Amino acid sequence: MPELPEVEVVRRGLVEHAVGRRIRAVTVLHERAIRRHLAGRADFEAAVAGHRVIDIRRRGKYLWWVLDDGDALLAHLGMSGQFRVGPTGEHKHPHLRVRFTFDDGGPVIDFLDQRTFGGMSFLPGQADEPGPLAHIAIDPLDEQYDLGATVARIKAKNTEIKRALLDQSVVSGVGNIYADESLWRAQVHYARSTQALTGPAIRRVLQAARDVMTEALSVGGTSFDALYVNVNGDSGYFDRSLAAYGQEGRPCPRCGTLIRRDAFMNRSSFYCPRCQPPPRVSGRGRAS
DNA sequence: ATAGCTACCTGGGCGC
DNA sequence: TGCGCCCAGGTAGCTA
């Protein structure tokens, strides 16, 4: 699943393969991929064609192409979106949703997306900050990131720590995998109350989030299944370093207790019941 | 206002 | 062999 490290790997790939090139044409093969572009397919195709790509930027899990004339092409990979660089005229992948061709006649860039939760939109004049990002917090790998301010924002909320971690308006870029890994590293249970946790404990969770995402980025991200690869179709290697996520029934790397999986927020949460004891008062049911 | 729930999607895996 | 069900989960938009 693409979270911050995976999206950053994709951003770097697009910097290498798209920046400096002029888009000749864009073809939308699946309308849902541009559902956020309310003016529709024909408008999207016409608006994007002819622009030169100046830069690729990212905040959290969003990335956007900075185009000449100050326009933005905003993209989100959702669950299964991929940008792939490939030779012109290759057979079309069954999950191909949008194809970009370029004036230089070089490799095409394809947007593939099996589950179609991802997509893109063209936002004229919004290269500096696309409108849909207004509520997305600065992410932990941004140089403007303020850890202390993020601790304060979490303390001000009345919810459980994992909900706060996954709230993209509080801290962006963290998804289910890195949330569980961060909580495991900080030895904090997912259901602990943001009110009851101390400032230093919240700080440890956020520092763990930054650390784990930095480490994942350095090995190309996490390819837990086949749904995340870089622009060249290669997997990342961080799945080998996961301590908690997806490790149900395996020993905790720290204490040897078997990792558990709970349903939480209609998702799975993986944790060590010994290193990450659940809150006492919360009344959350746990099998003995 | 804030917190928390559901819809949206597809294909792999599983049980029968 | 095939059918049907469940599961994965990021985000927008809804409700209370």
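Please read these numbers as outputs of a predicted model, since none were measured by experiment. All values below were derived from every heavy atom in this structure, side-chain atoms included, with hydrogens, water molecules and symmetry-related copies excluded. Order of the sequence lines fixes the chain letters, A, B, ..., with proteins taken first and strands second; residue numbering starts at 1 for each chain.
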Would you mind writing out the side-chain donor-acceptor pairs for residues 199-207 of chain A within the sub-3.5 Å range, not counting sequence neighbours?
none

Looking only at side-chain N and O atoms, does [X] come under 4.0 Å of OP1 or OP2 in [N]?
X: A/Lys157; N: B/dT2; answer: no
X: A/His95; N: B/dT10; answer: no
X: A/Arg163; N: B/dC5; answer: yes
X: A/His135; N: C/dT11; answer: no

Problem set entry | Set of salt bridge (charged side-chain N to carboxylate O under 4.0 Å, His left out) partners for A/Glu248, sequence neighbours left out |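 Only A/Arg261 meet the salt bridge (charged side-chain N to carboxylate O under 4.0 Å, His left out) criterion with A/Glu248.
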
Answer yes or no: is there a donor N or O on one side and an acceptor on the other, between the side chain of [X] and the main chain of [Y], under 3.5 Å?
X: A/Gln82; Y: A/Val231; answer: no
X: A/Arg97; Y: A/Asp113; answer: yes
X: A/Glu6; Y: A/Tyr228; answer: no

Exercise. In terms of the angle between their ring planes, are A/Phe100 and A/Phe83 parallel, tilted or perpendicular, with boundaries placed at 30° and 60°?
Worked result: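 It falls in the tilted class, 30° to 60°.
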
For this session: Classify the ring geometry between A/Phe270 and A/Tyr245 as parallel (under 30°), tilted (30 to 60°) or perpendicular (over 60°).
Result: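 Judged by the thresholds at 30° and 60°, the geometry between A/Phe270 and A/Tyr245 is perpendicular.
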
Under 4.0 angstrom, heavy atoms only, what part of the nucleic acid is [X] near: base, sugar-phosphate, or nothing?
X: A/Ser80; answer: nothing
X: A/Arg97; answer: nothing
X: A/His30; answer: nothing

What is the distance from [atom1] of [X] to [atom2] of [N], rounded to the nearest Å?
X: A/Ile161; N: B/dA3; atom1: CD1; atom2: C1'; result: 15 Å
X: A/Arg59; N: C/dT11; atom1: CZ; atom2: P; result: 13 Å
X: A/Phe270; N: C/dA8; atom1: CZ; atom2: C1'; result: 10 Å
X: A/Met265; N: B/dA3; atom1: CE; atom2: P; result: 12 Å
X: A/Asp167; N: C/dA12; atom1: CG; atom2: P; result: 11 Å
X: A/Leu77; N: C/dT11; atom1: CG; atom2: P; result: 10 Å
X: A/Lys61; N: C/dT11; atom1: NZ; atom2: C1'; result: 9 Å
X: A/His76; N: B/dC9; atom1: NE2; atom2: P; result: 17 Å

Exercise. Mapping A/Thr159 and A/Arg267 to their closest nucleotides on DNA chain B, which lands nearer the 5' end?
Worked result: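 Closer to the 5' end of DNA chain B: A/Thr159.
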
Problem set entry | 5' priority, DNA chain B, between A/Asn266 and A/Arg32 [closest heavy atom] |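 The residue mapped nearer the 5' terminus is A/Asn266.
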
For this session: With a 4.0 Å heavy-atom cut-off, tell me which residues in residues 112-128 of chain A come close to DNA chain C, sorted by residue number.
Result: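 The stretch gives A/Arg115, A/Phe117 as the residues lying under 4.0 Å from the strand, ordered by number.
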
For this session: Mind listing the residues from residues 169-179 of chain A sitting with a heavy atom below 4.0 Å of DNA chain C? Number order is fine.
Result: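 Residues of residues 169-179 of chain A that come under 4.0 Å of DNA chain C are, in numerical order, A/Gly175, A/Asn176.
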
Heteroatom pairs (N/O) under 3.5 angstrom, protein to nucleotides 2-5 of chain C:
none

For this session: Sorted by first residue and then second, give each ring-ring contact (aromatic ring centres under 6.0 Å, His included) pair with at least one member in residues 28-51 of chain A; sequence neighbours left out.
Result: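 Those involving residues 28-51 of chain A are A/His37-A/Phe44, A/His51-A/Phe122.
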
Problem set entry | Pairs touching residues 23-41 of chain A that satisfy salt bridge (Lys or Arg N to Asp or Glu O under 4.0 Å), sequence neighbours left out |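 For residues 23-41 of chain A, and leaving out neighbouring residues, the salt bridge (Lys or Arg N to Asp or Glu O under 4.0 Å) pairs sorted by first residue read A/Arg24-A/Asp103, A/Glu31-A/Arg41.
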
Exercise. How would you list all residue pairs meeting side-chain hydrogen bond (donor to acceptor under 3.5 Å, both in side chains) that involve residues 126-141 of chain A, not counting sequence neighbours?
Worked result: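 Residue pairs with at least one partner in residues 126-141 of chain A: A/Arg58-A/Asp139, A/Arg59-A/Glu129.
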
Exercise. Does A/Ser218 have any side chain to side chain donor-acceptor pair (under 3.5 Å) partners at least two apart in sequence or in another chain, and if so, which?
Worked result: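 Expected list: none.
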
Exercise. Which residues satisfy the side chain to side chain donor-acceptor pair (under 3.5 Å) test with A/Ser269, sequence neighbours excluded?
Worked result: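 A/Ser269 satisfies side chain to side chain donor-acceptor pair (under 3.5 Å) with A/Lys162 once adjacent residues are dropped.
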
For this session: Estimate the overall bend of the helix from B/dT2-C/dA16 to B/dC16-C/dG2 from the end axes over five pairs each, rounded to 10 degrees.
Result: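 Its terminal axes enclose an angle near 50°.
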
For this session: Any chance you could pull the hydrophobic cluster mates of A/Leu38, using side-chain heavy atoms under 4.5 angstrom and chaining through other members?
Result: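 Direct or chained contacts put A/Leu38 with none.
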
For this session: Applying salt bridge (Lys or Arg N to Asp or Glu O under 4.0 Å), run through A/Arg12 and A/Glu8 and close with a yes or a no.
Result: CA-CA 6 Å; A/Arg12 293 177 183 182; A/Glu8 175 60 17; 2.8 Å; yes

Exercise. Yes or no on salt bridge (Lys or Arg N to Asp or Glu O under 4.0 Å) for A/Arg57 and A/Asp55, after CA distance, side-chain angles and deciding distance?
Worked result: CA-CA 6 Å; A/Arg57 297 189 193 155; A/Asp55 196 8; 3.6 Å; yes

